[in-house]
Amino acid sequence: MILIQRAEGGRVIVEVDDKVAKVRNIKVDSRLDSSWDSREKTVAFSFDYCYWSVDPEDPKYASQEMVFQDLGTSVLSGAFRGYNICLLAYGQTGSGKTYTMMGTPASIGLTPRICEGLFARKDDYSDQMASCRVKVSFLEIYNERVRDLLKQSEQKKPYTLRVREHPETGPYVQGLTQHLVTDYKQVVKLLEEGIAKRITAATHIHNASSRSHAIFTIHYTQAILENNLPSEIASKINLVDLAGSERADPSYCKDRITEGANINKSLVTLGIVISTLAQNSQVFSSCQSINTLTSEGESSRVESPPSGGRRPAYIPYRDSILTWLLKDSLGGNSKTIMIATISPASSSYNETMSTLRYAANAKNIINKPRVNEDANVKLIRELREEIDRLKTMLMSFELRNSSPSWSDDKDGNLTELVLQNEMKVGMISFTWCCNYLSL
């Protein structure tokens, strides 16, 4: 609980019980006679993890290390296997989003810990025929405009970076700089440089509230040569610190009101996208259930749904820069983790309930992550599998030896196919090894 909320006499209305967050309904509690009110006095939300971080002296207190062991290790595990990962923090202003993602010098957050884990894995490869490459970028979205936080410039340039969409890789920021880093210290230096450039301002809740959405992206590529078989996988890790939601205040100046309106616009759009994705996921699950019943009902006939049935709804990714950039992370090729930070104070009841409903809705989204494997490496593996299959066929024909003339012709064709595939594997492997040595 923030000091300002304590000064205002805010009482704790949130309770954490294992993986359930319980919120006391102050609208019911505040009534003198609420016996007739049908609304529940406590609302419970169930999540994969729930953390209590109000009082460090509390036995239930969740440290940064505990959060990393639960969430950060999942990010690293997915990245090492070649999946795209997105970790985003959402919540009210001053509820601990930036503290969770970035931390402080005395209490390091998730982003530095994840970077440290990547380089620890890189050191493990030092004695093997393997190599890793790590590139990072850091941007912020302020008033629906994109700014490069790692751009080296003496003069402050306007927010001219534009978002484009590649037909294969999806949305990207044109002109965004990517920095090759070789150790953890370089990452920390770039993080500190980018954080110092972020736009912050004092609000009623927090004296240095982030007024922009920040996305720290890590491009992690692994190349391994084992038993003369190359393997190259890539992972894109988006670590997102969203600006805090806040009610408009007439006492603010025009620029601050415009700033808050743009923050709320992007967060509302994010909420609509999450809600629509959850709805579409439920439609997809229903269709799968119907197909299963149809396939299983051999003797009994199951009628198909009418042609005018429910179809997947349109997802308005382009209604804000934030959702457009996170298009693949929210509903595509990515494993996504959402951290919902809340204030336990009674004065933040409405914002707390809104955030928890937001997170509960996001749980229903079903993404389709896949391993990002190099196309040439995939081709090599498929050719190797084809060679093994052809060799098995050759051995089978040799063992049968029932028709020598026919068998000789067949053996010749199969042998030629094996030789052609082995030549292709050799050429592609040579090209890959040249690139691997320069990685």
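All values below were derived from every heavy atom in this structure, side-chain atoms included, with hydrogens, water molecules and symmetry-related copies excluded. The chain is numbered in sequence order, starting from 1.
- The side-chain hydrogen bond (donor to acceptor under 3.5 Å, both in side chains) with H219 is formed by just one residue from the set K236, R133, Q178; it is Q178.
- For the residue pair F119 and D183, the shortest heavy atom distance occurs at CE2-N, 3.5 Å.
- The residues R113 and E65 are annotated as salt-bridged, a charged nitrogen and a carboxylate oxygen being separated by less than 4.0 angstrom.
- A side-chain N or O of T341 and one of S95 form a donor-acceptor pair less than 3.5 Å apart.
- Residue N84 is tested with N367, N372, T336 for a side-chain hydrogen bond (donor to acceptor under 3.5 Å, both in side chains); the sole match is N372.
- Side-chain atoms of Y83 and N333 include no donor-acceptor pair closer than 3.5 Å.
- A salt bridge is absent between K189 and E193: the closest approach of a Lys/Arg side-chain nitrogen to an acidic carboxylate oxygen does not fall below 4.0 angstrom.
- Looking only at atom types and distance, the side chain of T177 has a donor-acceptor partner in the side chain of D148 under 3.5 Å away.
- Ring geometry for Y358 versus Y90: interplanar angle under 30°, hence parallel rather than tilted (30 to 60°).
- With no hydrogens or angles considered, a side-chain donor-acceptor pair links S329 and N238 at under 3.5 Å.
- Looking at every heavy atom in both residues, P171 comes nearest to V163 through CB-CG1, 4.4 Å.
- No hydrogens or angles considered: nothing links the side chains of S334 and D328 as a donor-acceptor pair under 3.5 Å.
- In this structure, the side chains of F216 and V187 come closer than 4.5 Å at one or more pairs of heavy atoms.
- Considering R198, H213, K97 as possible partners of D241, the one that fulfils the side-chain hydrogen bond (donor to acceptor under 3.5 Å, both in side chains) test is R198.
- The neighbour count for R81 CZ, taken as heavy atoms of other residues, nucleotides or ligands under 6.0 Å away, is above 12.
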